[in-house]
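All residue numbers refer to positions in the sequence shown, counting from 1. Both ligands and their constituent atoms are indexed starting at 1 by order of listing.
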Amino acid sequence: MHWADVAAEQLMKKGEKHVLATAITPSGPIHVGNLREVITTEAVYRALKDRGAKAELIFIADTFDPLRKVYPFLPEKYEKYVGKPLAEIPCPCGEHENYAEHFLQPFIHVMDELGIKPKIYRAYEIYKEGRYNEAIKIALDNADKIKAIIEKISGRDLPEKWMPFNVKCEKCGKLKGEIYEYDYPFAKYRCSCGYEGSVDLRKGGIGKFPWRIDWPARWKIFGVTFEAFGKDHAASGSSWDTGKEIAKQVFKYEPPMPLVYEFIHLKGKGAMHGSTGVAIAASEAIKILPSEVLRFLFMKYEPNRHIEFDTGFSLLDLIDEYDRYERIYFGMEEKIAGMKDEKRVYELSQPYGIVSKSPIKISYRHLAIVAQIAKDFDEAIEIIKRKIELKDYDETRLKERYEKIIYWLKNYAPEEIKFEVKEELPELKLKNDEKKFLIELEKNFDGIEWDAEKIHATIHESAKKSQISAKKAFQLIYMLFIGKDRGPRAGYFLQSLGKDFVMKRIREAYQS
Ligand SMILES: [Zn+2]
Ligand SMILES: [Zn+2]
């Protein structure tokens, strides 16, 4: 069974009504690693719905979290905002309502592209609306108990008068007010800026819980029964360990069923992390990968397997692999030994339902060549038609792939794959044997059907006949068309250029 179905079955044993929560702090570009949390949870949500359960998917944006530091992508002037809630800091580009929205909006767009439609909550609003108020009272009444749990489980030492709540200082606006006197509904606090004040805890948004208390409080507030989280939260003594106990002992709430997922690694650079800059924003990933392929990446692996994300050549392999799953799903290809849950993986990879028949596939590998030859999408279609019959093709889908590969070529593709077809014959000084080869090649090309494999074979034969090495023959061909001595697979490349263009260029070359 697929891992999402396994999790759903376990949940069904506990009850038929479920709330699946995912949460992200929008303190920087939300990256592909964060995406795993959302996609993993949504897959379990789908599996529950497939079983007829009543399930709700929620996404909590931690917009009330303070800015922790001036990240490398921020201007110096953000120093003064460190410690303030993300929702009260100006947006870096000036076009969003605030700092949190600046990073949140592109991610919401990505979720939409991926067919993920959770109910979205913003922590800043939830606090303000007073939805945390009851939990705040419970936590402060049980401050000693919470302190003991955290100290025992995490091994941390907390200050003697520690209280599980940070007041937003009325003077500096930072979440740094420490409560030193508590007499419900009032609390007196002292801020690191020197200000001392008093707050009415019945008013929403006057402060927030530290993460270790915020998490279990929110389980109770939303009735969360399932939550997936990264292994950093799951280590021994971590927020999950303390959260479980705080939920049970303080909030009297049964903790949700957990699913721990592994990190996403950026090839050659290590685990993705917003704060280290080793990350690809989810909004970038969706510009280079079709939505279904991005989902596929996460559906294919068990959550406890780490994933290598590569924006280079492996991207092409990933898409080829997805296409193979699609062919297998539609019975056009036999499954490969060792392949697991291939049909379910395919189903769960679809952002918006399953198409009724296998779409015509143009592999990224071919499209990468075509996109560099064609001036626009229409011309790309013409070129593709030279190789593949495009009867009732899905234009939207093809166009999506075309646009994404253009973006990839421009921003991520390795240099080796890039080329530019020369409009004019590049200047060359051909030796006699090279001219002989080109004359032979033109003659042989003349008689063949314009097909990639035949073109490839004809180059070899012509080289052999004119007694030049195959290596030299291919180099010469690349020089003629792209002015470099290497290039894409010659057969498909020449086929895509069209026979007339190729023949004319060869003639020009040996006549020059
Ligand atoms: Zn902005
Ligand atoms: Zn202050």
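Listed by chain and residue number, the protein N/O/S atoms under 2.8 Å of the Zn ion (ligand 1) are Cys91 SG, Cys93 SG, His96 ND1, His102 ND1, with waters left out.
Taking the six-membered ring where tryptophan is involved, the planes of His102 and His96 are perpendicular, since the angle between them exceeds 60° and thus also 30°. Below 30°, between 30° and 60°, or above 60°: for Phe73 and Phe103 the angle between ring planes is above 60°, a perpendicular geometry. Between Trp219 and Trp240, the angle of the ring planes goes over 60°, which puts this pair in the perpendicular group of the 30/60° scheme. Trp215 and His233 have tilted rings, their planes meeting at an angle from 30° to 60° on a 0 to 90° scale.
Closest of all the heavy-atom pairs between Gly115 and Glu42 is O-OE2, 3.5 Å.
Nearby protein atoms of type N, O or S around the Zn ion (ligand 2) amount to 4 (distance under 2.8 Å).
Atom CG of Asp112 sits in a crowded spot, with more than 12 heavy atoms from other residues, nucleotides or ligands closer than 6.0 Å. For Glu170, the CD atom is densely surrounded, since the number of other residues' heavy atoms within 6.0 Å is greater than 12.
Under 4.0 Å is where a charged nitrogen must lie from a carboxylate oxygen, and between Asp62 and Arg218 at least one such pair does.
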message: Apply side chain to side chain contact (heavy atoms under 4.5 Å, CB included) to residues Tyr121 and Phe59 and explain how you reach the verdict.
response: CA-CA 6 Å; Tyr121 293 97; Phe59 174 88; over 6 Å; no

